[in-house]
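For reference, the structure is listed below as structure tokens.
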Amino acid sequence: MPELSYNHSEIEKKWQNYWDEHKIFAANDRGRQRQYVLDMFPYPSAQGLHVGHVEGYGATDIYCRYLRMTGVNILHPMGWDAFGLPAENYAIKTGRSPQDTTRANIENIRHQLKSLGLAYDWSREVNTSDPEYYKWTQWLFLQLYRKGLAYQKEAPVNWCPSCQTVLANEQVIDGTCERCHTKVEQRQMKQWFFKITDYADKLLNGLDKLDWPTPIMEMQKNWIGESKGVLVRFPLISIDMSLRAGIDMSLRAERSNLVTTKTGDRPAPSVGARDDSVDDVVEIFTTRLDTIFGATFLVISPELAQKWIDVGWQVSSEIKKYMAKALPGKESERLERAAKQKTGVNTGIKARNPATNEDIPVWVADYVLGSYGTGAIMAVPAHDQRDWEFAQKFNLPIKQVIIPTVTDVDNPPQKNKKDTVRQVVHVILRNPKNKKILLGFLKDSSWGDHKPINFIIGGIEASETPPQAAIREIKEETGYDDISFVKELPFMVSANFFQAQKDLNRKVYVHTMIFDLKSERQQSVKAAEVAKHDFKWVDQNQVGSNLNIPDDSMSWKYYQAGGFAFSEMGELINSEKFSGLTSHEAVKKIAKAIGAKLETQYKLRDWLISRQRYWGAPIPIIHCSKCGPQAVLEKDLPVVLPNDVDFKPHGESPLARSKEFHRVNCPKCGAAARRESDTMDTFVDSSWYWLRYCDPVNHKAAFDGKKVSTWCPVNLYVGGAEHAVLHLLYARFITKALCDMEFIKFDEPFLKLRNQGLILGEDGQKMSKSRGNVVNPDEVVTKYGADTLRLYEMFMGPLEDAKPWNTNSIIGVRRFLDRVWKLADNAATADLKKREIILLDKATKKVTEDIENFKVNTVVSSLMELSNELAKLKPLPLEALKRFLILLYPLAPHISSEMWSNLNLKKNIWEEPWPTWNAKNLLDKEISIVVQVNGSKRSTVNCAPGSSQKIVQDLALADTKVAQYLVGRPIKRVVFVKDRLINLVVS
RNA sequence: GCCGAAGUGGCGGAAUUGGUAUACGCGACGGUCUCAAAAACCGUUCCCCGCAAGGGGUUGAGAGUUCGAGUCUCUCCUUCGGCACCA
């Protein structure tokens, strides 16, 4: 423990009280130059704040204190994300009501925040569990309900058996509950959803104009999961069922809300609405229409199969058995099972491929999801890995329709040479006795340095089949004549290269033929052939490293893997008149030819917001047996949580068992009705809290539009990255919805976002109670002070990085503050010398720019460097000390306020304007310039800033260290960078 | 498997965005003060050769672009985060 030169507890408390009492940080709605800087509000947990909070909150505090001194009026509020499960679970265990524990936790955390000296406007505090707040959360629900953006439906939902409630997709992590990591089950339940899918495209496009970290934007993009493709209708043949009335055999009608096209332009329900369908039709979605000639079967999801059964499809017992296994399954388990091994059953139904007019079998398999696209796919095993695996397992035909085109980089096609196309055979000749493969090593000098090593190669003559050509080439080139044809590799490749010997560019289509040697009998080979290449038998596992032409490398890879799906784009083959087109061209042309419809699909699902729990905002709906679900009248809000309930979860909300709560009259007909007993996901509360800060005590509305436009959208938002697809996505959705309803005038809530990284324990692991590596910020504040803790957390490294805590390192920061404290001992009135002004102006520039860019770690370094320099000055001019204290103030506000007040000046330190610097002062009188010879540093020379190349070059040439490198080597070139370096390039 | 971020001393990390790599701090070592210890202060501290002057090497690995690469390009390796049968 170091000796402390100042009493941090005393002075920190003193200034915290002063700021509080004088309301120094209250935001002014009428101030000019406004900025809204927001922290993600905490959940008031019993554990209180952790050091991770301090990092993010500290960073915004520094930024705000700095901005205030530059004359900006800041809104920087704080509040409580107070609803949620832990309080309720604690109530179940102890019987203490969530209201009580939450209140106590808030008291504690508010105290912690104040003890860190964070400059919040406490008059705007919000608490999402306060009826004055959740009244407006319920109001928000009603607005969405009226707009058709909140709806109830029976659907398979994620059920956490431990939390006894449903979860949103975003809250399921690796098939487990994000809270308790219990495996999530699927249940069929009637639940409330917000129609976030209506905004899929807007949520995606809106990202472009935001200043957000790339990883967060990428995560949102992936979560929204846009893919552009087409819908293709496959007529069904020989389906054995009683309904041939033109029913759209896809899941689309039922799930139309999930297929998002343009907002407000959703497909009409199509059951019975098709007048053009002669046969029943199954519609599939594909992004690879270019592969349709390779669609050798069709797969429907168990969900779609069930729908067919529901409308009268008579199925075999085999299918029934499969459905029983595949369908009711909990989806996570189903996926797990399917990942290991594909399963499925042939339905016996045929579908007509509209491109080939071939009839292909229709299978049911659980690797096709009922919840995406149309619930049915065309399977193209040659070009899709999943279809490939399925085809392998069930012995279904695989037809290659896309060919990869490779270019031989060693012998690339050349400009102004004749282009030729030909069909060729490449032969993999195997010796079954020793498993060796015959490779040809070309000797022909026309190939230059890059002599091909490849299989036996030859052109296919017009009169030949590929196997015939292969036999001929084997005999001609190698003399082996006792051979047997095994098969053609079902994978053609195409290669482009320049053939110097013939002086032309070749594009070849490679048919790879596999042959076995029956015996080693060999005929003699013509001298001309012998001169061209050597043939060598190469061990099977050496083949890959020997081959040096890309087409054979690729074929060999395919051969060795036992085949794979080639899923990249390429050139079409075996596709009738579309053969020869690129994938890209083919999509449009085939779509036009078969009448496929362009469509965009999203992975995003609607937001499930009901929770079967107590500690949340009740959903303001009344169920009337006559009138159906009715919105609670706005004048009757809030629907208040009853206090006297049994918290124990039973799979329905505890509220359902409070008669007093659920017995109501229908607001429409007045008859006895039942109040909705589910509460809302807490992410609904937090999706709009930042709006309430602008007008926190409004009793008549959620917020006043004018007050919101005063501050919003939020200029800077700082918080953890774990909310990437939760809170941050939901808040954007709610903002867009409120904008469309004209409650607000902007459609993005947070213009600039920064994430603080995780603070890890000293062991480099994530902090957790079970690991025992949790650091309590209160202890650090008590021992070293809030200024030290704030400074240390900033000094650890870049804001957004994950950083391990190191208790030892804190001492360095505290030592720094102790030295700062002692600076005052040497302070005296004295004029600043030129050198000192340069020092201060340089530091001012660095600190200012780094704060603006959130590079707070280097701000601390700069302040340390500056204080080390100032400590050498005896006496230390008063103006220098003042400047230093101002620069330090945003980071360590207590010590700098105290030292400032000790100087007996008129104003408080935070009332001072932020210092500026004079660009002229940033230059030293003399600077050192690096002298390089051929790019290596050899010396430095000193000269005045701005010196010309001539001056610097003369100095450099006069330097003895440089001279020794120039002996006998004339200077070819000189690179001169003003004020930085000179590089002498010699031969 | 796919998407993203990142690899620099014993450790946390700097590097004016292509121009003196290792700032600042921790730790370690040596010293001052002390009966002693702690604290504080001063000095040394990337690696190798050398008594020294000096020289050589070094930013996960390998190639490339450039007068010059931690920084740009490609390939690969490792770690972390996200998604994962999304057709």
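Below, chains carry the letters A, B, ... as their sequence lines are ordered, and counting in each starts from 1. Values below: every heavy atom of this structure, side chains too, minus hydrogens, waters and symmetry copies.
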Worksheet entry | Toward the 5' end of RNA chain B, by each residue's nearest nucleotide, Gly935(A) or Ile929(A) | Ile929(A)
Worksheet entry | Nearest-angstrom distance, P atom, G25(B) to A14(B) | 15 Å
Discussion item. Just confirming the chi classification of U45(B), syn or anti, using 90° around 0 as the syn window.
Written reply: anti
Practice prompt. For Val985(A), report the nucleic acid contact type (base, sugar-phosphate, nothing); a contact means any heavy atom under 4.0 Å.
Written response: sugar-phosphate
Discussion item. With hydrogens left out and only the distance checked, is there a donor-acceptor pair under 3.5 Å joining Glu218(A)'s side chain and the base of G82(B)?
Written reply: no
Worksheet, complete the sentence: Ranking G12(B), A14(B), C67(B) by distance to the side chain of Asn983(A), first place goes to C67(B)
Worksheet item: Quick one: which of C24(B), G19(B), C3(B) gets closest to the side chain of Met864(A)?
Response: C24(B)
Worksheet, complete the sentence: Note: contacts of residues 850-862 of chain A with RNA chain B (heavy atom, under 4.0 Å) are Lys855(A), Asn857(A), Thr858(A), Ser861(A)
Fill in: Lys342(A) NZ/CZ over Tyr367(A) ring centroid, <6.0 Å and within 45° of normal
yes
Worksheet item: Over how many whole Å does the gap from Met569(A) atom CE to A87(B) atom P extend?
Response: 11 Å
Practice prompt. Quickly work out the Leu728(A) CG to G81(B) P distance and round it to whole Å.
Written response: 19 Å
Worksheet, complete the sentence: On RNA chain B, more 5' by nearest nucleotide between Ser936(A) and Gly797(A) is Gly797(A)
